[in-house]
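Below is one structure, written out as structure tokens; the observations come after it.
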Amino acid sequence: MFILQGIVSGLIATIIFDLFHYSLNFAYGIDKPKWNLLGRYFLGLKESKFIRKNLINDEELTNELIWGYLFHYAIGIIYGIFFVCLNYLLFEYPSILLAYIFGFFTVLGGWCFLMPFAYNLGFFASKSEDRINILVQNLIAHFVFGTGLFIGFYMTY
């Protein structure tokens, strides 16, 4: 049962995460995440391309946007399953505090894995001139993701 709850929790959280980005783009013109680059990065792993100098300049791959969304949602579901398992270990009920703490830890995946190896921005976007904005936007978005984890788990509890 907890696996199904984790899948639903991760799926709901990722949908809310994406809706948050779409609303920021609509209201303020803030760029949405480029999931095609995520797809390009993960598709390049099968060719042993682990570190990329500049994904934007790399050759565009077939269906990379679809693959990017699939990887994005798969990662969200995996996070959802881990969150539900951790929640059951620590609490008898869905915990919003744990969801926010877990949301904080999920942002570390982007800061310490995707930014340096996929997007070539360095750890914690250290190579970017817009570093603070990137980090703050990522942190807020992942707290929204944490809220989505709680909502998805609460719906199935």
Side-chain angles (χ1 to χ4, degrees), residues 6-7 9-25 27-61 63-87 89-90 95-153:
I7 291 170
S9 180
L11 191 62
I12 296 293
T14 308
I15 290 169
I16 290 173
F17 181 86
D18 284 342
L19 290 174
F20 175 71
H21 280 291
Y22 285 124
S23 66
L24 286 179
N25 181 260
Y28 302 109
I30 295 173
D31 288 339
K32 297 178 289 189
K34 295 173 178 59
W35 299 124
N36 62 317
L37 296 180
L38 183 72
R40 189 178 301 174
Y41 176 74
F42 279 109
L43 289 173
L45 291 178
K46 69 181 181 183
E47 299 171 6
S48 300
K49 295 179 181 178
F50 300 108
I51 299 174
R52 301 295 188 91
K53 294 198 190 250
N54 194 343
L55 266 178
I56 294 171
N57 295 335
D58 279 5
E59 180 182 333
E60 189 173 322
L61 302 173
N63 298 324
E64 66 184 22
L65 180 61
I66 294 169
W67 281 105
Y69 270 105
L70 287 174
F71 287 120
H72 169 56
Y73 275 83
I75 292 167
I77 288 169
I78 291 167
Y79 280 148
I81 293 169
F82 279 120
F83 167 70
V84 168
C85 291
L86 185 63
N87 200 110
L89 287 173
L90 300 175
S95 169
I96 188 76
L97 178 62
L98 181 62
Y100 286 136
I101 292 169
F102 197 83
F104 170 74
F105 281 105
T106 62
V107 79
L108 293 176
W111 289 349
C112 298
F113 178 73
L114 286 179
M115 285 187 188
F117 301 117
Y119 300 127
N120 196 27
L121 291 175
F123 287 94
F124 298 92
S126 61
K127 293 181 182 178
S128 174
E129 293 177 8
D130 204 20
R131 177 180 185 219
I132 298 300
N133 285 340
I134 291 171
L135 295 178
V136 169
Q137 287 174 11
N138 285 176
L139 191 59
I140 292 169
H142 280 261
F143 277 114
V144 169
F145 180 76
T147 304
L149 286 173
F150 173 77
I151 291 169
F153 183 35

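- When side chains are defined from C-beta on, Asp18 counts as touching Tyr73, because their heavy atoms get closer than 4.5 Å.
- Looking only at side-chain heavy atoms (C-beta outward), Ile56 and Leu37 come within less than 4.5 Å of each other.
- In this structure, Phe71 and Tyr41 have side chains that are not in contact, with every pair of non-hydrogen atoms separated by 4.5 Å or more.
- Closest heavy-atom contact between Asn25 and Ile30: ND2-O, 3.0 Å.
- In this structure, Leu38 and Tyr119 have side chains that are in contact, with non-hydrogen atoms separated by less than 4.5 Å.
- Going from atom OG of Ser95 over to atom CD1 of Ile101 covers 7.0 Å, rounded to the nearest 0.5 Å.
- Between the side chain of Asn120 and the main chain of Leu55, no donor-acceptor pair closer than 3.5 Å is present.
- Pairing each heavy atom of Ala13 with each of Leu149, the nearest pair is CB-N, 3.3 Å.
- Nearest heavy-atom pair across Gly110 and Pro116 is O-CD, 4.4 Å.
- The shortest heavy-atom contact between His21 and Lys32 is O-CG, 4.0 Å.
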Step-by-step side-chain contact (heavy atoms from CB on, under 4.5 Å) determination, Thr14 to Ile77
CA-CA 8 Å; Thr14 308; Ile77 288 169; 5.7 Å; no
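- The nearest pair of heavy atoms linking Leu43 to Glu64 is CD1-CA, 4.2 Å.
- Counting heavy atoms from C-beta outward, Asn36 and Tyr69 have side chains that stay 4.5 Å or more apart.
- A 6.0 Å sphere centred on CZ of Phe113 holds more than 12 heavy atoms belonging to other residues, nucleotides or ligands.
- Going from atom CZ of Phe143 over to atom OH of Tyr100 covers 9.0 Å, rounded to the nearest 0.5 Å.
- Contact annotation: the side chain of Leu24 never approaches that of Gln137 to less than 4.5 Å [non-hydrogen atoms, C-beta and beyond].
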With side-chain contact (heavy atoms from CB on, under 4.5 Å) as the test, would you mind laying out the steps for Phe82 and Phe102 before giving the verdict?
CA-CA 9 Å; Phe82 279 120; Phe102 197 83; 3.8 Å; yes
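- Side-chain atoms of Ser9 do not come within 3.5 Å of backbone N or O of Gly6 as any donor-acceptor pair.
- In this structure, the ring-ring contact (aromatic ring centres under 6.0 Å, His included) partners of Phe123, at least two apart in sequence or on a different chain, are Phe117.
- Taking every heavy atom of both residues into account, Met115 and Ile134 meet most closely at CE-CG2, 3.3 Å.
- Of the inter-residue distances, the one linking Leu45 atom CG with Arg40 atom CZ reads 13.5 Å to the nearest 0.5 angstrom.
- Summarising the geometry, atom CG belonging to Asn63 is positioned 9.0 Å from atom CG belonging to Leu65; distances are rounded to the nearest 0.5 Å.
- The backbone N or O of Phe124 sits less than 3.5 Å from a side-chain atom of Arg131, completing a donor-acceptor pair.
- The closest side-chain heavy-atom distance from Leu98 to Phe83 is below 4.5 Å.
- The salt bridge (charged side-chain N to carboxylate O under 4.0 Å, His left out) check on Glu47 picks up Lys49, with sequence neighbours excluded.
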Determine, stepwise, if the pair Trp35 / Leu70 fulfils side-chain contact (heavy atoms from CB on, under 4.5 Å).
CA-CA 9 Å; Trp35 299 124; Leu70 287 174; over 6 Å; no
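- A heavy-atom distance below 4.5 Å is not found between the side chains of Phe150 and Asn87.
- Distance NE2/His142 to CH2/Trp111: 8.5 Å, rounded to 0.5 Å.
- Separation of atoms CG (Asp130) and CG (Leu135) is listed at 9.5 Å; rounding is to 0.5 Å.
- The closest donor-acceptor contact from the side chain of Tyr22 to the backbone of Phe17 lies at 3.5 Å or more, if one exists at all.
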